[in-house]
Number of protein chains: 2
Amino acid sequence: MYSIKEIAAKFGLRASTIRYYEEIGLLENVVHEGGYKRVYDETHIDRLSAIECFKKARLSLEEIKQFFEYEKDIHSNSGNILEMMKAKELKTKEEINRLKAGLEHVQMKIKYYSAVDEAIKEGREIPAWGDIIK
Amino acid sequence: MYSIKEIAAKFGLRASTIRYYEEIGLLENVVHEGGYKRVYDETHIDRLSAIECFKKARLSLEEIKQFFEYEKDIHSNSGNILEMMKAKELKTKEEINRLKAGLEHVQMKIKYYSAVDEAIKEGREIPAWGDIIK
DNA sequence: GCTTGAGTTCAAGTCAACTTTAAGTTGTAT
DNA sequence: ATACAACTTAAAGTTGACTTGAACTCAAGC
């Protein structure tokens, strides 16, 4: 049994975020002790772990919620889940490639401005981009 | 010389986005022909190409703007640029790793739900997660 | 019986990066 | 002269994922 503070800390989230997730239906069956204080158990830990994993793959909270809805009736929805996950696999791979391209661009800038910085310190002329980046 | 429509199309952006970039100071020296119609040239193409590259590495428009500001006085700012780019290199690598972790999670789901899907089609029992994912 | 601390509700606010809307302008074709 | 497409401005609206604020509740300790 965990308090909202404890469970928030466990996942590096704020209590307000945990409450928000419940509000939008992402966290379910939260017991409000005496109709008041929220109490969490291992099922919520599992749910939040899954949410964090999906967030890493950039699923929206809406999509994550949809996934959990599907999971409630695997028999009718395993196909939907599969389709959803395959689409996300593609999107995620694309985003990784996009980021890799961005990273390369940034690294070229690092290379060039390292040369520039050095030239300045040694009182030389600022090198041309083409002389540093082939 | 390009119209706003042409340059927007060239980069897959909307005309309103191009106007917005000008408004926030990301696109500079745009000629308003007869104080009205915007006209763009190669310098704007170059600027927009750079913006798109930085966006791939998830720099905010504010950061991109800062970069261009720094570039105007390389002598005093090459150090700042270098620092900024190195910080971004780190962040981008972190984000790539985060995405890769997310991707793995999604791929495990694909593996499991493929097995589930197949089991359902063949009228078998739904397999346990542990039997599919080691 | 009063304070304190942790928790609560509900509405409103925040942020970035745009997009939309409404109303007006300009140049060209009919 | 009129219609039309393409352009303009300024301000307000949108989206997702939270966060904040104000006012309230509850249990525990002094």
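Note that the structure is predicted; figures quoted are calculated from it, not measured. Proteins get letters first, then strands, A, B, ... in listed order; numbering begins at 1 in each.
- Taking the salt bridge (Lys or Arg N to Asp or Glu O under 4.0 Å) definition, one finds that B:Glu52 meets it with B:Lys55, sequence neighbours left out.
- Helix-axis bend for the helix from C:dG1-D:dC30 to C:dT30-D:dA1: the local axis fitted to the five terminal pairs at one end deviates from that at the other end by 30°, rounded to 10°.
- Applying the side-chain contact (heavy atoms from CB on, under 4.5 Å) criterion to A:Glu125, with sequence neighbours excluded, gives no partner residue.
- For the residue pair A:Glu22/A:His32, the side-chain donor-acceptor check at 3.5 Å is satisfied.
- Contacts of B:Lys72 classified as salt bridge (Lys or Arg N to Asp or Glu O under 4.0 Å), with partners at least two apart in sequence or in another chain: B:Glu28, B:Glu69.
- Applying the side-chain contact (heavy atoms from CB on, under 4.5 Å) rule to B:Asp131 yields the partners B:Ala128; only residues at least two apart in sequence or on another chain are considered.
- One can place CD of A:Glu33 at 12 Å from P of C:dG7, the figure rounded to the nearest angstrom.
- For B:Tyr40, the side-chain hydrogen bond (donor to acceptor under 3.5 Å, both in side chains) test picks out no residue, with sequence neighbours left out.
- Every residue two or more places apart in sequence or in another chain was checked for a salt bridge (Lys or Arg N to Asp or Glu O under 4.0 Å) with B:Lys37, and none qualifies.
- Taking A:Ser114 as the reference, nothing meets the side-chain hydrogen bond (donor to acceptor under 3.5 Å, both in side chains) condition, with sequence neighbours excluded.
- Nucleic acid contact class of B:Ile24 (heavy atoms, under 4.0 Å, all strands): none.
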Quiz item: Quick one: what's the B/S/- string for nucleotides 9-25 of chain C, heavy-atom cutoff under 4.0 Å, read 5' to 3'?
Solution: B-------BBSB---BB

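- One interatomic measurement links the two molecules: CD1 of A:Ile18 to P of C:dT8, which rounds to 11 Å at whole-angstrom precision.
- Every residue two or more places apart in sequence or in another chain that forms a side-chain hydrogen bond (donor to acceptor under 3.5 Å, both in side chains) with B:Thr43 is listed here: B:Asp41.
- For DNA chain D, the outermost nucleotides in 5' to 3' order that have an atom under 4.0 Å from a heavy atom of chain B are D:dA6 to D:dT9.
- Close to C:dA6, at under 4.0 Å from its OP1 or OP2, lies no side-chain N or O of A:Ser3.
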Give the table of side-chain donor-acceptor pairs shorter than 3.5 Å for residues 96-111 of chain B, with sequence neighbours excluded, one pair per line with atom names and distance.
{"unit_1": "B:Asn97", "atom_1": "ND2", "unit_2": "B:Lys93", "atom_2": "O", "d": "3.4"}
{"unit_1": "B:Gln107", "atom_1": "NE2", "unit_2": "A:Glu89", "atom_2": "OE2", "d": "2.8"}

